[in-house]
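All heavy atoms count here, side chains included; hydrogens, waters and symmetry mates do not.
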Number of protein chains: 2
Amino acid sequence: MIMEPRLYTTSADYVYQELRHQIVTKQMKPGQRLPEVNIAVQMGVSRTPVREALRRLASEGLVLIIPNSGARLASPTRREMEDTYAVREQLECISVGIAATRISERNLRRLDDSVLEEEKAFEEKNLELYLEVNENFHRIIAESSGNRVLAEYVENILARTNAYVVFYDPFYDIDDNPSIAHHKGIALALKEKNSEKAVKLMREHLKLSLSDLNKPA
Amino acid sequence: MIMEPRLYTTSADYVYQELRHQIVTKQMKPGQRLPEVNIAVQMGVSRTPVREALRRLASEGLVLIIPNSGARLASPTRREMEDTYAVREQLECISVGIAATRISERNLRRLDDSVLEEEKAFEEKNLELYLEVNENFHRIIAESSGNRVLAEYVENILARTNAYVVFYDPFYDIDDNPSIAHHKGIALALKEKNSEKAVKLMREHLKLSLSDLNKPA
DNA sequence: ACATGAATACATGCATGCTATCACAGATAC
DNA sequence: GTATCTGTGATAGCATGCATGTATTCATGT
């Protein structure tokens, strides 16, 4: 499996992606302090781009910044996760509902591809790839809604919820991953242009994702 | 009327608020370039806090940043505004629906106060105050939902839509402002704990707000 | 007149150093 | 023992300078 290198245009972008990577791959503990200098030294850059990356992560709710005090990794409570999923449900349901009425053939194919990749990543137990592809599935749907603003918000909340992986293990039930089956169902509903069905399945899918957060990390 | 000074903890925060003020009070044209140095000189600070403020505004969709090139004020198309309002409708409807089931007496009073202030600001034709109070009405409801994440997203989209004031004149119909009447209706529905009614009124209210964007600036 | 390309002016991205503020430990008072 | 004060170290906020990339202008050729 060839891991394509992360692409970035600026140092700040690099730091952002790298930090996000470290969070998702459980290299950091929720609530831990994130001093600018430490990160700067570790990544071989100055504090400036680190500051920028931290603020971006803060806008996604992954990092908490206290003025004049510093940044620390978020440590969402069970309640906060539920709240986040409540919002995500709203955004994604409207997103998939609209997408069903206007998704292009090309995006339907991209959706199928993404499900295939997802299965592969799951078999290989490649956590990072799995999350990335999983996220991509939802991203394609949001894009297909044709509402740019909506897509932007979905993107933001995907970043939040994906970080919650720190709290659970998506490979816990070794042979069983209903999530992929759900994605297949949603993709099918979109092919059929069945808006109601797509929304219903998406809602169920997200309820399940939330309950997954109970699986041991 | 005593205009309380804007409060801020850091220079970056000051620049952020000041820029936002200038946008809302129509001192800047949509699409105009926003060079860091210009702003820095104008506000008597260095480029660093200006950069930070610009990125924050970008996360609210008010400013467009092109890497290595610069920032410019957003110039949303009619389509983008509609898209934004579609998202806002989703977020605010769920927000007011939940709020109706659990809003505190204290917040009900704050809501009433905010409507009164709104009427006063409208009579005085005080644009900035009017917008601030208007925004506050929606903010109180979002807070009352008890969902912090939802409140955060509502806050963000309020910032976006309020900036659209650049494109229209809320005092265009001199004697008539149905928006305030709507707010009264929503506040009443909340008092009655009538969730359905509150959602319905909020939806109508936002549809109207969107159509208001046709009024000449 | 128009397109192409080089030169120049300009703006951003980043590194670095200084200053103001905060967090924490130890001391002091009660 | 608890609470409050105080000093010291650590950390973020900001200013500044340099390097890099972008936009604009103007010359050149067709």
Inset, instruction - Let me know the distance between CE of A:Met43 and P of C:dA15, rounded to the nearest Å. - result: 13 Å
Inset, instruction - Taking atom CZ of B:Arg148 as the centre, report whether more than 12 heavy atoms of other residues, nucleotides or ligands fall under 6.0 Å from it. - result: no
Inset, instruction - Specify the separation, in whole Å, of atom OH of B:Tyr8 and atom P of C:dA20. - result: 16 Å
Inset, instruction - Taking only the side-chain nitrogens and oxygens of A:Ser46, find out if one of them lies under 4.0 Å from OP1 or OP2 of C:dC14. - result: no
Legend entry - B:Ser69 side-chain N/O to D:dA23 phosphate OP1/OP2 under 4.0 Å: yes
Legend entry - Interatomic distance, B:Ile140 atom CD1 to B:Asn107 atom CG [nearest 0.5 angstrom]: 6.5 Å
Inset, instruction - State whether B:Arg47 places a side-chain N or O below 4.0 Å from either non-bridging phosphate oxygen (OP1 or OP2) of D:dT16. - result: no
Inset, instruction - Would you mind reading off the distance between A:Leu34 atom CG and D:dT11 atom P, rounded to a whole angstrom? - result: 12 Å
Inset, instruction - Could you tell me whether B:Thr48 contacts a base, only the sugar-phosphate backbone, or nothing, with contacts defined as non-hydrogen atoms closer than 4.0 Å? - result: base
Legend entry - Nucleotide D:dA12, atom P - distance to CG of A:Leu64 in whole Å: 13 Å
Inset, instruction - Would you indicate what A:Arg72 reaches in the nucleic acid, counting non-hydrogen atoms under 4.0 angstrom: base, sugar-phosphate, or nothing? - result: nothing
Inset, instruction - Find the distance A:Ile39:CD1 to D:dT11:P and express it as a whole number of Å. - result: 12 Å
Inset, instruction - For the residue pair B:Glu60 and B:Tyr16, confirm or rule out a side-chain donor-acceptor distance under 3.5 Å. - result: yes
Inset, instruction - May I have the distance from B:Ile65 (atom CD1) to C:dG13 (atom C1'), rounded to whole angstrom? - result: 12 Å
Inset, instruction - May I ask you to say whether A:Arg109 pairs ionically with A:Asp113, meaning some side-chain N is under 4.0 Å from a carboxylate O? - result: no
Inset, instruction - Using atom CZ of B:Arg51 as one end and atom C1' of D:dG13 as the other, report the distance to the nearest whole Å. - result: 15 Å
Inset, instruction - Specify the separation, in whole Å, of atom OH of B:Tyr14 and atom P of D:dG13. - result: 19 Å
Legend entry - Residue pair A:Thr161 / A:Arg88, side-chain donor-acceptor N/O under 3.5 Å: yes
Legend entry - Distance below 4.0 Å between A:Arg55 side-chain N/O and D:dG13 OP1 or OP2: yes
Inset, instruction - Return the 5'-most residue of the pair A:Asn68, B:Arg33 with respect to DNA chain C, ranking by each residue's nearest nucleotide. - result: B:Arg33
